[in-house]
Asks: 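My structure is below; once you've seen it, I'll send some questions.
Chain identifiers are assigned alphabetically (A, B, ...) following the order of the sequence lines, protein sequences preceding nucleic acid strands; residue numbering begins at 1 within each chain. These values consider heavy atoms only, across backbone and side chains, with no hydrogens, waters or symmetry-generated copies.
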Protein chains: 2
Amino acid sequence: MKKRTTLKQLARELDVSISTVSKALKNSPEISQDTIDRVKAFAKLLNYRPNNIALSLKNKKTKTIGIIIPDIVHHFFTKVIKGVEKYANSNGYNVIVGLSNESFSNEVINMEMLANGSIDGFIISMSRETMQRQDYQHYTETLNEDIPLVMFDRVVAEIPCDKVIVDDTKSAEIAVNTLINKGATKIAILTTKDYVSVGRLRTKGYLEALKNHGINPIRDLIIKIDDELLYEEDHLDVLEKQVRELLLNHTDVNGIFAVNELYAVVAMKVAKEMGYEIPNDLQVIGFTDGMLSKHATPTLSTISQHGESMGSKAAELLIQRIDERVNDLPKEPTKTVVISTNLIQRGSTK
Amino acid sequence: MKKRTTLKQLARELDVSISTVSKALKNSPEISQDTIDRVKAFAKLLNYRPNNIALSLKNKKTKTIGIIIPDIVHHFFTKVIKGVEKYANSNGYNVIVGLSNESFSNEVINMEMLANGSIDGFIISMSRETMQRQDYQHYTETLNEDIPLVMFDRVVAEIPCDKVIVDDTKSAEIAVNTLINKGATKIAILTTKDYVSVGRLRTKGYLEALKNHGINPIRDLIIKIDDELLYEEDHLDVLEKQVRELLLNHTDVNGIFAVNELYAVVAMKVAKEMGYEIPNDLQVIGFTDGMLSKHATPTLSTISQHGESMGSKAAELLIQRIDERVNDLPKEPTKTVVISTNLIQRGSTK
DNA sequence: TATCAACACGAAAACGTTGTAGTAATGTTA
DNA sequence: TAACATTACTACAACGTTTTCGTGTTGATA
C-alpha cells in the first residue's frame with residue numbers, strides 16, 4: 001500500500017526534526033524564514049496534507065456530525081440533509097449519513113457504529129418502530145455519554161435535547177381552516193396511526209379547526225393509515241381502497257386534508273377516477289412540499305415544512321452544543337425551535 | 001468536557017497494565033480467565049467502547065467511504081445512496097455524504113475535505129459543471145494518491161477507474177423502439193445539452209432507433225434543454241414553453257421520449273393542457289423510475305435504472321479496491337459494470 | 001537443585017499530529 | 001568577561017489503540 005506523505009518523511013528528507021516541519025508549515029515565528037520556505041516547498045512537492053484522523057485523535061473532535069433518518073428516499077428528509085450539509089460544510093464539518101429504514105434495531109446499530117468516536121454529535125429523526133416501542137434507551141445513553149444530540153420532526157418529549165420541529169398542530173389547523181373558508185363543509189383527514197407523533201399532532205389540529213367552526217367530527221372521516229409500508233407499492237393499494245370506501249360511503253365529502261403529500265396525491269387520483277372534479281367537487285390539502293405536490297394534476301396545495309431550514313437550524317444547534325462541550329462552557333437549557341410553515345395554494349383548492 | 005472511558009482508565013482502576021486490559025477484552029489466551037472476567041465486568045460497568053479514531057489511525061483505514069453526488073434532492077441519487085449504505089453497512093463501513101450541488105468547486109472542496117484520511121475511498125457521480133469544464137484533475141490526483149475511486153452514472157472515459165453505469169444508449173433505443181412499435185410515427189426527444197454524458201448517450205439511442213426504422217430525424221424534434229436549473233421553479237417555465245412550441249409547430253407529434261422523469265411529466269402536463277389525450281394522441285416514455293412516474297396522471301412509462309443496485313455494485317467494487325490496496329494485492333484492471341435497465345410500462349403508453 | 005517450560009502479565013513502539021519545555025549557539029549588556 | 005537574551009531549532013509527551021517482545025513467577029523435570 002502506497003503511503004501518504006507524513007511529517008516524519010518530510011523531516012527525514014529535509015534533515016530537520018518533525019517539530020520543525022510541523023511548525024514551519026504553520027508559519028511559527030520559532031522557525032527561520034529560510035527553513036519555512038524550504039519545508040513548504042518540499043511539502044508542496046510531495047503533496048503533503050495533514051492526516052485528519054491523527055488530528056481528530058489529538059484534538060478529540062472529528063469535525064463530523066452524524067445524521068440518522070428513517071428513509072432517504074423521501075423528499076422531506078432529503079431537504080433536511082441538504083440543509084444540514086450546507087450549514088455543516090460551511091463550518092468545516094462533514095456529514096455522515098445513517099439510515100434506520102424505519103427500524104429500531106437499525107437505528108440502534110447505526111448510532112452505536114457512530115457513537116464510538118466517529119462523530120461529534122447526532123442529528124436524528126426517530127424511526128417509526130422506535131416511536132412504536134417507545135424505547136429511547138439508546139438516546140439517553142448517548143446523552144449520558146455527553147454526546148450532543150438534536151432531534152427534528154419526529155421528536156418525543158421524553159428525551160431532553162434540542163429539537164427542531166414545525167408546529168404540526170397549528171399548521172394542520174390552518175390547512176383545515178383554509179378548506180373550511182373555501183367552502184368545504186365535510187372534511188376528511190388521511191392520517192397515520194397515533195404513535196407517529198406528527199400524524200397525531202396533525203390530527204389534533206384537524207380536530208381543533210373543526211371544533212372552532214362548530215363542526216362535529218365524524219369518526220368515519222378520520223382515516224388512520226397503517227403506514228408500515230409507506231412509499232411501497234403494496235401499501236398504496238390499501239390506501240386507495242380506504243379512500244374509495246370513504247368517498248363511497250360519504251359522497252358529500254368535499255374536503256380532504258392529508259398528513260403527507262403522497263396520501264394527498266393518491267386521494268386525488270382515486271377521487272378523479274370516481275368522477276370528482278378537483279377543486280370544484282373536492283378540495284385537497286397535503287403536508288410537505290415535495291416533487292409530487294408540484295407536479296400532480298391538479299397541482300397540490302400543501303403545507304410547506306421548509307426542510308432545508310430545519311436542517312440548517314438543527315446543524316446550528318448541534319454545533320453550538322459541540323462547542324459548548326469542547327470548550328467546557330456552562331450548559332444552556334435545551335431548546336425547541338419551531339420552524340414556521342406556510343400554506344402553498346395551488347390547483348387542488350379553490 | 002466529560003471524557004470517554006479508555007483503556008488507560010480501566011487499567012488504572014483495575015491496577016493492571018493497559019496491555020492486559022486490551023488483551024483481556026479480546027479474550028487473549030495470554031490472560032487468565034480470572035483477569036478476563038474482572039476486566040470485562042468493569043469495562044461493561046463503565047460502558048467502555050474502543051475509540052474508533054484511534055483504531056483508524058493505527059490500522060490506517062477508516063472503514064468509511066465517501067459518496068459525492070451532484071444533488072440529493074433527486075430520487076435517483078437517493079436510491080443510489082440507499083444501495084451504497086446497505087452494502088457498506090453490512091460490511092462494517094460507514095458512509096459520508098458530500099454534495100457538489102452541480103458545482104465544480106464544491107466537488108473539489110468536498111473531495112479535498114475527505115481525501116485527507118477521513119475516508120478509504122470515493123464513490124462519485126460527476127457534477128454538471130465538471131463535465132462542462134472537462135477538468136478532471138482532482139480525480140486523477142485522488143487516483144495518484146492511491147485512493148480508490150468508483151464512478152457511477154455520469155462517468156467519463158478519461159478517468160481510469162471502476163465505473164457503474166446503465167447502457168444509456170441501448171435503453172433509450174429500447175424506449176424509442178417501443179414507442180414506434182406502439183404506433184408512434186413522429187417522435188420528439190426532450191434531452192439535455194450534450195456535455196451531460198447521459199443526455200448525449202440517450203440522444204444517440206434515440207437517433208439509432210429512428211435510423212433502424214428508416215425514420216429521418218428532424219432537428220426541430222430534438223430539444224436540448226439547458227438544465228442549469230433542473231428541478232428549480234424558473235427552469236420549468238422554459239421547459240414548458242419549449243414543449244408548447246414543439247407541439248404547436250408539429251401538431252402531429254405522437255410520441256415523446258424524455259431523458260428524465262421530470263421532463264416527461266412536464267411534457268404530459270403541457271400536452272394535456274393543449275388537449276392531447278395520453279396515450280391515445282401522444283405516448284410518452286421517461287427515464288428514471290421515481291415518485292413522479294408512479295403518481296403522475298397518467299402514470300408514466302419509464303426506463304428504470306435500478307439506482308439501488310447501482311449503489312450496491314459501486315460499493316462492492318470500491319470495497320474490493322480498498323481490500324486490494326490494504327492487502328497489497330496485485331491491481332486488477334479497472335472494470336465498467338453495466339447495470340441492466342428495464343422498461344416499465346404504465347399509462348402513458350398504449 | 002539447577003534447568004526449563006508454561007503462565008500471566010508489563011513495557012514500549014507505532015500510527016501522525018501538536019505544543020510545551022528544553023537546549024545549543026549566537027549576540028548583547030554591564 | 002560573566003550574565004543574560006535571542007534565535008532556531010530538537011525532544012518528548014500526549015491522544016487511544018494493538019501487538020511484539022520481554023520478564024518474573026510458578027511448577028515440573030533431570
Asks: Checking B:Asp120 now: which residues fulfil side chain to side chain donor-acceptor pair (under 3.5 Å) with it, not counting sequence neighbours?
Replies: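 B:Asp120 satisfies side chain to side chain donor-acceptor pair (under 3.5 Å) with B:Thr62 once adjacent residues are dropped.
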Asks: Who pairs with A:Leu55 by side chain to side chain contact (heavy atoms under 4.5 Å, CB included), at least two apart in sequence or on another chain?
Replies: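 Checked A:Leu55 against side chain to side chain contact (heavy atoms under 4.5 Å, CB included); matches are A:Pro50, A:Asn52, A:Asn59.
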Asks: Let me check the geometry of the helix from C:dT1-D:dA30 to C:dA30-D:dT1. What is the bend angle between the axes at its two ends, five pairs each, to 10°?
Replies: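 Roughly 90° between the end axes, to the nearest 10°.
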Asks: I'd like to check A:Arg128 versus A:Pro70 (side-chain heavy atoms, cut-off strictly below 4.5 Å). Are they in contact?
Replies: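 Not touching, per the 4.5 Å side-chain cut-off.
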Asks: Looking for any heavy atom pair under 4.0 Å, which part of the strands does A:Ser56 touch: base, sugar-phosphate only, or nothing?
Replies: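 No contact at all - A:Ser56 keeps every heavy atom at 4.0 Å or more from the nucleic acid.
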Asks: At a cut-off of 3.5 Å, list every protein nitrogen or oxygen paired with a nitrogen or oxygen from nucleotides 11-21 of chain C, distance to 0.1 Å.
Replies:
residue	atom	partner	partner atom	Å
C:dA11	N7	B:Ser19	OG	3.1
C:dA11	N6	B:Ser19	OG	3.0
C:dA12	N6	B:Ser19	OG	3.3
C:dC15	OP2	A:Lys8	NZ	2.8
C:dG16	OP1	B:Lys60	NZ	3.0
C:dT17	OP1	A:Tyr48	OH	2.9
C:dT17	OP1	A:Asn51	N	3.1
C:dT17	OP2	A:Leu7	N	2.8
C:dT17	O5'	A:Tyr48	OH	3.1
C:dT18	OP1	A:Lys26	NZ	2.8
C:dT18	OP2	A:Ser22	OG	2.9
C:dG19	O6	A:Ser19	OG	3.4
C:dT20	O4	A:Lys23	NZ	2.8

Asks: Can you name the residues that form a side chain to side chain donor-acceptor pair (under 3.5 Å) with B:Lys86, not counting sequence neighbours?
Replies: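 With neighbours one apart ignored, the set is B:Glu308.
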Asks: Pairs under 3.5 angstrom only: tabulate donor-acceptor contacts from the side chains of residues 93-101 of chain A to other protein residues two or more places apart or in another chain.
Replies:
residue	atom	partner	partner atom	Å
A:Ser100	OG	A:Ile69	O	3.4
A:Ser100	OG	A:Glu102	N	3.3

Asks: Earliest and latest nucleotide of DNA chain D, 5' to 3', sitting under 4.0 Å from a non-hydrogen atom of chain A?
Replies: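 Going 5' to 3' along DNA chain D, contacts run D:dA8 to D:dG16.
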Asks: Which pairs count as salt bridge (Lys or Arg N to Asp or Glu O under 4.0 Å) when at least one residue sits in residues 46-60 of chain A, sequence neighbours excluded?
Replies: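 Only A:Arg49-B:Glu145 qualify under salt bridge (Lys or Arg N to Asp or Glu O under 4.0 Å).
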Asks: Within the 4.0 Å heavy-atom criterion, would you say A:Thr20 contacts the bases, only the backbone, or no part of the nucleic acid?
Replies: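 The answer is base, as A:Thr20 lies within the cut-off (heavy atoms under 4.0 Å) of a base atom.
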Asks: Can you list every side-chain hydrogen bond (donor to acceptor under 3.5 Å, both in side chains) pair that touches residues 3-22 of chain B, not counting sequence neighbours?
Replies: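 Qualifying pairs, neighbours excluded: B:Ser17-B:Thr20.
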Asks: Filter on side-chain hydrogen bond (donor to acceptor under 3.5 Å, both in side chains), then keep only pairs touching residues 323-332 of chain B, sequence neighbours left out; what's left?
Replies: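 Of all non-adjacent pairs touching residues 323-332 of chain B, those that pass side-chain hydrogen bond (donor to acceptor under 3.5 Å, both in side chains) are B:Asp146-B:Arg325, B:Asp146-B:Lys331, B:Arg321-B:Glu324.
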Asks: Would you please name every residue forming a side chain to side chain contact (heavy atoms under 4.5 Å, CB included) with B:Glu316, sequence neighbours left out?
Replies: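 With neighbours one apart ignored, the set is B:Tyr87, B:Lys313, B:Gln320.
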Asks: Not counting sequence neighbours, list each pair that qualifies as a side-chain hydrogen bond (donor to acceptor under 3.5 Å, both in side chains) and has a residue in residues 31-48 of chain B.
Replies: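 For residues 31-48 of chain B: B:Asn27-B:Lys40, B:Ser32-B:Thr35, B:Gln33-B:Asp37.
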